[in-house]
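No experiment lies behind these values; they were computed from the predicted model shown. All residue numbers in this chain count up from 1 along the given sequence.
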Amino acid sequence: MTGGSGFIGRQMVAALTTAGAVVRVVDLQPHPDPAVDIVQGDIVDRDTVDAALDGGFDGIVHLAARTSVLKSIEDPELTHRTNVEGTHRVLEAARAAGVGALAFASTNAVTGPMEEPAITERAALRPLTPYGATKAAAEMMMSAYTAVYGVRCTALRLTNVYGPGMQAKDSIVARLMRAIRLGTTFEIYGDGRQVRDYVHAADVVAAFALALTDERLHGPLVIGSGRSLSVLEVVDEVRRASGAQLSVTHGPAKQGEMPAVIVDPSRAHAAGWRPRYQFTEGVAGVWEEWRTLDVEGAAPLPGGAEISTTADAAT
Ligand SMILES: NC(=O)c1ccc[n+]([C@@H]2O[C@H](COP(=O)([O-])OP(=O)(O)OC[C@H]3O[C@@H](n4cnc5c(N)ncnc54)[C@H](O)[C@@H]3O)[C@@H](O)[C@H]2O)c1
């Protein structure tokens, strides 16, 4: 698994290990659990990726990426290096090692402004940011590796992922939790009416497990709750879950933000995936964790390995 030390990755490692799989992580960062088998290094580096696949693996979960939309706008080259060159390196190593399946963390930000009532896998790829463009490029490479080399690649187009263990994130749910614990004012980018779909990390993990094991699957798969909320509604939900008086202010809208993200996950439903978490219940669980958290440890990572802008960005 690439990116196994990150927010989604740590939950994916735990789920696969519990299910009895032999897991090896490749990540720039160490994994908090010393029992996890990890090759620490950069996925752009051939020796690192080859070492990660040494011994043979049936499947790869590819999560490692530069995930910040805003940083991709500031420094597109860095984002391209990991998200495109790094993905190419992972695909090449998978091909050489005879890996049968790869499940990739893509995003609905590959599609750009909505042209239909809901985003499906058929939406045209018109990314609005370098981040979205690198994910679209990765999907294109995967299409070719599926067709020519038989590495069955599924691109899970995730919406905004939230859940336990997101203390290092800078996306909306983490920013709201942090504001409550630190007693700071939460800044809403723009008018707060922009809608986003929120999917729980546990549901995302289940989707990756399905993509690895269901041999009928390949290509893009929209993974979201299927219910979108405005930023103002998210603020209300978090106020309700926490019982906190959270003060908010409005700042300028962020560049590259998708005006709306409403997704139709019918293809994933037909494949047998259903989200188990509604936002109200999911966010209550996240608050339970943050309620007692050491807030000093709740600061985003230095350099902010982040997804988002508003409601977090165009993820
Ligand atoms: N969290 C979301 O809302 C969301 C939404 C859509 C898509 N995604 C995608 O899901 C994946 C995981 O997201 P996350 O929220 O867990 O992010 P994260 O930043 O918490 O984790 C990413 C991990 O990748 C590692 N990494 C980054 N560059 C690397 C490199 N060059 N070589 C090796 N490791 C590297 C990081 O150290 C980190 O541990 C990413 O590909 C992201 O683009 C996330």
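Hydrophobic clustering (side-chain heavy atoms under 4.5 Å, transitive across Ile, Leu, Val, Met, Phe, Trp, Tyr) groups Leu212 together with Ile223. Cluster annotation: Met141 is connected to Ile43 through the hydrophobic network of ILVMFWY side chains, with a link wherever side-chain heavy atoms come within less than 4.5 Å. Note: the hydrophobic cluster containing Val25 does not contain Val44 (ILVMFWY, side chain heavy atoms under 4.5 Å, direct or indirect links). Linking Ile, Leu, Val, Met, Phe, Trp and Tyr residues whenever their side-chain heavy atoms come within less than 4.5 Å places Leu128 and Val263 in a single cluster. Placement of Phe186 and Tyr198 within a single hydrophobic cluster is found when ILVMFWY residues are connected by side-chain heavy-atom separations under 4.5 Å, directly or transitively.
Annotation: the span from Met1 atom CE to Ile8 atom CD1 amounts to 11.0 Å, rounded to 0.5 Å. The distance from the CZ atom of Arg89 to the OG1 atom of Thr2 is 14.0 Å, given to the nearest 0.5 Å. To the nearest 0.5 angstrom, Asn108 atom CG is 8.5 Å from Glu121 atom CD. Expressed to the nearest 0.5 Å, how far OG1 of Thr120 lies from CZ of Arg267 amounts to 10.5 Å. We find the CD-OG distance between Glu288 and Ser242 to be 11.0 Å, quoted to the nearest 0.5 Å. Remark: Met142 CE to Arg152 CZ distance equals 13.0 Å, nearest 0.5 Å.
Between His200 and Tyr162, the ring-plane angle classifies as perpendicular under the 30° and 60° cut-offs.
You'll find the side chain of Val283 reaches within 4.5 Å of the side chain of Met177, heavy atoms only. Using a 4.5 Å heavy-atom threshold, the side chains of Val222 and Asp264 count as separate. At least one side-chain heavy atom of Ile60 sits under 4.5 Å from a side-chain heavy atom of Leu53. The side-chain heavy atoms of Arg193 and Leu232, taken from C-beta on, include a pair separated by under 4.5 Å. Put simply, the side chain of Leu176 does not reach to within 4.5 Å of the side chain of Arg239, judged on heavy atoms. Side-chain contact check for Ile119 versus Ile262: every heavy-atom pair is 4.5 Å or farther apart.
The shortest non-hydrogen separation linking Ala136 to Val110 is N-CG1, 3.5 Å. In plain terms, the two heavy atoms of Asp37 and Val23 that are nearest each other are CB-O, 3.7 Å. Summarising the geometry of Ile180 relative to Ala244, their closest heavy-atom pair is CG2-CB, 3.6 Å, with the distance given to 0.1 Å. Residue Pro164 comes nearest to Val286 through the heavy atom pair N-CG2, 4.1 Å, listed as atom of the first residue, atom of the second, then distance. Contact between Asp27 and Gly4 at its shortest, heavy atoms only, is OD2-N, 3.4 Å. Taking all atoms of both residues into account, the shortest heavy-atom contact from Gly224 to Val199 is CA-CB, 4.1 Å.
A donor-acceptor contact shorter than 3.5 Å is absent between the side chain of His218 and the backbone of Cys153. With hydrogens and angles disregarded, a donor-acceptor distance shorter than 3.5 Å links the side chain of Asp203 to the backbone of Arg276. A donor-acceptor pair under 3.5 Å is absent between the side-chain atoms of Gln194 and the main chain of Ala260, judged by distance alone. Checking side-chain atoms of Thr111 against main-chain N and O of Leu125 turns up no donor-acceptor pair under 3.5 Å. Of the possible polar contacts, none joining the Arg66 side chain to the Lys71 backbone as a donor-acceptor pair under 3.5 Å is found. Using a distance-only test at 3.5 Å, with no hydrogens or angles considered, a donor-acceptor pair links the side chain of Arg181 to the main chain of Leu293. Distance alone, capped at 3.5 Å, is enough to place a donor-acceptor pair between the Asp197 side chain and the Gly226 backbone. Checking side-chain atoms of Lys135 against main-chain N and O of Arg157 turns up no donor-acceptor pair under 3.5 Å. Between the side chain of Glu233 and the backbone N or O of Ser230 there is at least one donor-acceptor pair closer than 3.5 Å. Counting only distance, with no hydrogens or angles, the side chain of Asp45 and the backbone of Thr48 share a donor-acceptor pair below 3.5 Å.
Summarising the local packing, CD of Glu85 is surrounded by more than 12 heavy atoms from other residues, nucleotides or ligands at distances under 6.0 Å. At most 12 non-hydrogen atoms from other residues, nucleotides or ligands lie less than 6.0 angstrom from CD of Glu116. Residue Asp58 places its CG atom among 12 or fewer non-hydrogen atoms of other residues, nucleotides or ligands, all under 6.0 Å distant.
Ionic pairing of Glu92 and Arg95 is present here: one or more N-O contacts between side-chain nitrogen and carboxylate oxygen are shorter than 4.0 angstrom. Ion pairing of Glu115 with Arg126 is present here, as a side-chain N (NZ or NE/NH1/NH2) and a carboxylate O approach within less than 4.0 Å.
Side-chain contact check for His31 and Arg10: no donor-acceptor pair (N or O, by modelled atom type) lies under 3.5 Å. If you check the side chains of Glu289 and Gln167, you find a donor sitting under 3.5 Å from an acceptor. No side-chain N or O of Thr134 forms a donor-acceptor pair with one of His80 less than 3.5 Å apart.
Both tests do not hold together for Lys169 against Phe7: distance to the six-membered ring centre under 6.0 Å, angle to the ring axis within 45°.
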**Request:** Check step by step if side-chain contact (heavy atoms from CB on, under 4.5 Å) holds for Val234 and Phe279.
**Result:** CA-CA 9 Å; Val234 171; Phe279 190 73; 4.0 Å; yes
**Request:** Check the pair Arg81 / Asp42 against side-chain contact (heavy atoms from CB on, under 4.5 Å), numbers first and verdict last.
**Result:** CA-CA 10 Å; Arg81 189 171 177 279; Asp42 193 326; 3.2 Å; yes
**Asked** Step by step, would you call Thr146 with Val151 a side-chain contact (heavy atoms from CB on, under 4.5 Å)?
**Response** CA-CA 5 Å; Thr146 300; Val151 184; 5.8 Å; no
**Message:** Working note: Glu237 + Thr280, criterion side-chain hydrogen bond (donor to acceptor under 3.5 Å, both in side chains); need CA distance, chi angles, decisive distance, verdict.
**Reply:** CA-CA 6 Å; Glu237 289 275 10; Thr280 305; 3.1 Å; yes
**Residues Val204, Phe208; criterion side-chain contact (heavy atoms from CB on, under 4.5 Å); working and verdict** = CA-CA 6 Å; Val204 168; Phe208 274 104; 3.6 Å; yes
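Every side chain to side chain contact (heavy atoms under 4.5 Å, CB included) that Thr185 has, sequence neighbours left out, goes to Ser247, Thr249.
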